[in-house]
Amino acid sequence: MLSVSDAEAIILNLVRSLDNQRDTEVVDLLADNRILATPVISNLDFPHWDNSAMDGYAVRYEDVQHSTEQTPAVLEIVEKIPAGCQPQCTIKMGQAARIFTGAVMPAGADTVVMQEKTRLEDNRVFILTAPKLQEFVRYKASYYQAGTELLPAGIVLNAPEIAVLAAAQCSQLRVYRKVRVAIFSTGNELVTPDKPLQPGQIVDSNQYAIASLVRQTGAEVLMLGIVKDDPEVLTQTIFEALVNADIIISSGGVSVGDYDYIEQILESLNAKIHIRSVGMKPGKPLTFATFPGKNCLYFGLPGNPAAVLVTFLRFVQPAIKKMSGLADYWLSFVKARSHDELRSDGKRETYLWGKLHLIDGFYHFQVAGGSHSSGNLINLAQTNALAILPVGKTLINPGEEVQVLQVFGC
Ligand SMILES: Nc1nc2c(c(=O)[nH]1)N[C@H]1C(S)=C(S)[C@@H](COP(=O)(O)OP(=O)(O)OC[C@H]3O[C@@H](n4cnc5c(N)ncnc54)[C@H](O)[C@@H]3O)O[C@H]1N2
Ligand code: MOO
Ligand SMILES: [Mg+2]
């Protein structure tokens, strides 16, 4: 049985990022959560020109550097410059321009005095406090120089990046296409949620959970439905999925039961099985395979509903993120203080689901109540984190530190 970290390394080493030329498409600015495939270089400086950060007066520092309330500099106002206009005058000794936030600085002026520090009399402004040199001027190119890299490839385009791209007039973006993930569930006992249950049947909840997580991870879902525990149908399903999918995920059928066919089918399809089981709880029977000559990864997740979520979050989600072109941050761990006693048998790395709260700058982990059996999915609702007890650790006391994996949009 592999350790979790060895399994992670095997998987992530075998994941190839989509091709940054071939596997891309052009989208507009309204397509969010996409991953940039090529760096963006703008031909605009930021700010585009020297401009004022305040409503006030554009002045020459040397005229006002000794101003006080008792001995104010008195300047003649020669121009009024609203935002969006080109100044007409050059500010000379003893002169100032009325200026507004965002308006272009006039030639000759190097400093802005905010209007609260002035007094106006007719066409003259009294400067009541000495400003600092260049105060309240946002200088051209002081935030970004045209021609340099504005955004690197491999980042997610969220609101801040989209604002930057809009401001830079980059409205057509080359992003990676979405990773295509085919999913299916195996089990003769499974039915869709709309069917009345016959004795022994249960609802295929895993397929819905995986589909939701795949979409949240930014990939496209191909739902292949429920497949009976029938080697022929299973083989055909996997064979067909290989045509279009970058990743195939099944749930169930990976343990040692008489109807657990996934591994033998993968072998019959000449897949190379890299992982058969992992020392984690839940999630021990995990199958990971590749198909020689094909760019497709296979994750055979265990059928138990908690095991399927934990193995997806620990292994599949980072693999999708890496394949999608995301340069880093495939997993997000934090250290938290445990609110409760956490227990494990110490034999496998143990994942306990619960809620992460940020209180006064410190993370606190509150374990979900009820059974942590991998067959129980009820108490997974409203959790956002998995606390991790390493192998050999049987107890974490309340108040002790624990490593936590942030999940479900946390
Ligand atoms: N003799 C052994 N038995 C089992 C072992 C073992 O090491 N030796 N491992 C156990 C562990 S751990 C897990 S996890 C499960 C994994 O089983 P499979 O991946 O083969 O999954 P199934 O047998 O098909 O189903 C297990 C369980 O999950 C329910 N299930 C299956 N699919 C779904 C679905 N789509 N939605 C909701 N629930 C599902 C299924 O009804 C079973 O109750 O094996 C243990 N056994
Ligand atoms: O994946 Mo199994 O949970 O360890 O029941
Ligand atoms: Mg089984």
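Atoms within a ligand are numbered from 1 in the order they appear, just like the ligands themselves. Here, residue 1 is the first one in the sequence, and each next residue gets the next number.
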Counting heavy atoms only, which of [options] comes nearest to [atom]?
| atom | options | value |
| --- | --- | --- |
| atom 12 (S) of ligand 1 | Pro285, Ser277, Gly257 | Pro285 |
| atom 6 (C) of ligand 1 | Ser185, Ser255, Ala306, Pro305 | Ser255 |
| atom 32 (N) of ligand 1 | Asn206, Leu377, Ile210, Leu286 | Asn206 |

Between [X] and [Y], do the side chains contain an N or O donor and an N or O acceptor separated by less than 3.5 Å?
| X | Y | result |
| --- | --- | --- |
| Glu240 | Gln236 | yes |
| Ser185 | Asn206 | no |
| Asp28 | Ser171 | no |

Quiz item: Looking at Thr311 and Pro302, what are the two nearest heavy atoms and their distance?
Solution: OG1-CD, 3.8 Å
Quiz item: Can you name the nearest heavy-atom pair linking Asp19 to Thr24, along with the distance?
Solution: O-CG2, 3.8 Å
Self-check item: Passing option when Glu25 is tested against Arg174, Lys178, Arg34 for salt bridge (charged side-chain N to carboxylate O under 4.0 Å, His left out)
Solution: Arg34
Atoms in ligand 1 flagged as close to [X], the criterion being non-hydrogen separation under 4.0 Å:
| X | answer |
| --- | --- |
| Ser205 | 36 (N), 37 (C) |
| Gly252 | 19 (O), 21 (O), 24 (O) |
| Val203 | 36 (N), 37 (C) |
| Gly253 | 18 (P), 19 (O), 20 (O), 21 (O), 22 (P), 24 (O) |
| Ser251 | 35 (N) |

How far is [atom] from its nearest protein heavy atom, and which residue and atom is that?
| atom | value |
| --- | --- |
| atom 40 (C) of ligand 1 | Glu189 OE2, 3.1 Å |
| atom 2 (C) of ligand 1 | Val256 CG2, 3.5 Å |
| atom 38 (N) of ligand 1 | Ile202 CD1, 3.3 Å |
| atom 23 (O) of ligand 1 | Asp260 OD1, 3.6 Å |
| atom 30 (N) of ligand 1 | Gly303 O, 3.3 Å |
| atom 7 (O) of ligand 1 | Lys284 NZ, 2.7 Å |
| atom 35 (N) of ligand 1 | Asp204 OD1, 2.7 Å |
| atom 27 (C) of ligand 1 | Asn304 OD1, 3.2 Å |

Quiz item: Does the side chain of Val156 come within less than 4.5 Å of Glu161's, by heavy atoms?
Solution: no
Please confirm whether the backbone N or O of [Y] pairs with a side-chain atom of [X], one donor and one acceptor, at under 3.5 Å?
| X | Y | value |
| --- | --- | --- |
| Ser67 | Ala130 | no |
| Glu401 | Lys335 | no |
| Asn20 | Thr38 | no |
| Asp32 | Ala159 | no |
| Arg180 | Asn244 | yes |
| Ser344 | Gly346 | yes |
| Ser374 | Ala306 | no |

Quiz prompt | Side chain, backbone, both or neither: Lys281 near ligand 1, heavy atoms under 4.0 Å | solution = neither
Quiz item: What part of Leu190, side chain, backbone, both or neither, has a heavy atom within less than 4.0 angstrom of ligand 1?
Solution: side chain
Got a salt bridge between [X] and [Y], using NZ or NE/NH1/NH2 to carboxylate O under 4.0 Å?
| X | Y | answer |
| --- | --- | --- |
| Lys393 | Glu400 | yes |
| Glu267 | Arg276 | yes |
| Arg16 | Asp23 | no |

Quiz item: Mind counting the protein N, O or S atoms sitting less than 2.8 Å from the Mg ion (ligand 3)?
Solution: 2
Quiz item: Between Thr237, Ile248, Ile238, which is the residue that forms a side-chain contact (heavy atoms from CB on, under 4.5 Å) with Leu224?
Solution: Thr237
Quiz item: Is ligand 1 less than 4.0 angstrom away from at least one heavy atom of Pro282?
Solution: no
Find all protein N or O atoms under 3.5 angstrom from an N or O atom of ligand 2 and list the pairs with distances, or write 'none'.
unit_1: ligand 2; atom_1: 1 (O); unit_2: Gly283; atom_2: N; d: 2.4
unit_1: ligand 2; atom_1: 1 (O); unit_2: Lys284; atom_2: N; d: 3.3
unit_1: ligand 2; atom_1: 3 (O); unit_2: Ser374; atom_2: OG; d: 2.7
unit_1: ligand 2; atom_1: 4 (O); unit_2: Gly283; atom_2: N; d: 3.2
unit_1: ligand 2; atom_1: 4 (O); unit_2: Arg348; atom_2: NH1; d: 3.1
unit_1: ligand 2; atom_1: 5 (O); unit_2: Asn304; atom_2: ND2; d: 3.1
unit_1: ligand 2; atom_1: 5 (O); unit_2: Ser374; atom_2: OG; d: 2.3

Exercise. Classify the angle between the aromatic ring planes of Phe291 and Tyr298 as parallel (below 30°), tilted (30 to 60°) or perpendicular (above 60°).
Key: perpendicular
